[in-house]
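Written below as structure tokens is the structure these notes are about.
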Amino acid sequence: MENLVILDDVAIPSELLAATDKAIQQGKAKSRNDFIAKALRRELKALKRAEIDAQLAEMVNDADYQKDVLQMEVEFATAEWEAFELAESQE
């Protein structure tokens with residue numbers, strides 16, 4: 001079971017609380033706590049994805065990274081050709 005922390009300084013707009021309660025009544029969550037915890041996990045996951053996407057986008061402009069990628073492509077192309085030739089010779 002997770003460790004729980006009780007927060008007494010969190011304020012939720014009434015319309016969000018009403019929508020949360022409606023979702024609970026519809027069986028989309030077990031409780032307010034469950035619904036909010038799921039929402040927080042989903043948002044944190046989205047933030048992490050956005051962070052990774054930003055890092056990947058930066059790699060496009062990284063000259064050293066691009067050089068390494070090109071070198072790997074050359075090495076893989078050679079390895080793929082060698083594997084193809086080996087497979088052909090075994091037929």
Side-chain angles (χ1 to χ4, degrees):
M1 179 165 213
E2 296 180 86
N3 291 332
L4 299 178
V5 177
I6 307 298
L7 302 174
D8 56 348
D9 61 344
V10 175
I12 298 173
S14 59
E15 68 273 5
L16 289 179
L17 190 57
T20 299
D21 289 343
K22 183 177 179 183
I24 293 165
Q25 290 171 353
Q26 294 172 342
K28 296 180 181 172
K30 293 181 260 179
S31 64
R32 287 176 175 173
N33 187 69
D34 180 54
F35 188 89
I36 292 168
K38 285 179 182 178
L40 289 171
R41 283 188 186 98
R42 196 169 27 254
E43 180 64 18
L44 290 169
K45 194 182 250 185
L47 290 172
K48 184 65 177 173
R49 268 194 312 269
E51 181 181 317
I52 291 169
D53 289 347
Q55 291 171 349
L56 289 172
E58 287 180 25
M59 293 166 75
V60 171
N61 299 319
D62 184 333
D64 289 333
Y65 174 77
Q66 292 299 322
K67 180 181 168 188
D68 290 343
V69 167
L70 291 173
Q71 181 61 38
M72 284 189 288
E73 287 178 358
V74 168
E75 291 170 6
F76 277 113
T78 302
E80 286 175 358
W81 180 251
E82 290 171 352
F84 175 74
E85 288 181 321
L86 180 62
E88 287 288 310
S89 68
Q90 292 178 351
E91 289 183 358

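Because only heavy atoms are used, hydrogens play no part in the values below, and waters and symmetry mates are left out as well, while side chains stay in.
Leu4 and Leu7 fall into different hydrophobic clusters, where Ile, Leu, Val, Met, Phe, Trp and Tyr side chains are chained together by heavy-atom contacts under 4.5 Å. Put simply, Phe76 and Leu70 are part of two different groups of oily side chains (I, L, V, M, F, W, Y) that touch within less than 4.5 Å, one to the next. By the rule that hydrophobic residues join a cluster once side-chain heavy atoms approach within less than 4.5 Å of another member, Val5 and Val10 end up as members of one cluster. Tyr65 is connected to Met72 through a chain of hydrophobic side-chain contacts under 4.5 Å among Ile, Leu, Val, Met, Phe, Trp and Tyr, so both are in one cluster.
Judged by distance alone, the side chain of Gln66 and the main-chain N or O of Met59 form a donor-acceptor pair under 3.5 Å.
Of all the heavy atoms in Leu17 and Ile12, the pair that sits closest is N-CG2, 4.0 Å. Smallest separation of non-hydrogen atoms from Lys30 and Ile24: O-CG2, 4.1 Å. Minimum heavy-atom separation, Lys38 to Lys28: NZ-O, 4.1 Å.
A distance of 9.5 Å separates CD of Glu75 from CG of Asp68, quoted to the nearest 0.5 Å. The distance from atom CZ of Arg42 to atom CG of Leu47, rounded to the nearest 0.5 Å, is 12.5 Å. To the nearest 0.5 Å, atoms CD (Glu58) and CG (Asp62) are separated by 9.0 Å. Once rounded to the nearest 0.5 Å, the distance linking CG of Leu16 with CG of Asp21 reads 11.0 Å.
A 4.5 Å side-chain heavy-atom check between Gln26 and Lys22 finds at least one atom pair inside the cut-off.
Comment: Arg49 does not engage Asp53 in a salt bridge, judged by the lack of any side-chain N to carboxylate O separation of less than 4.0 angstrom.
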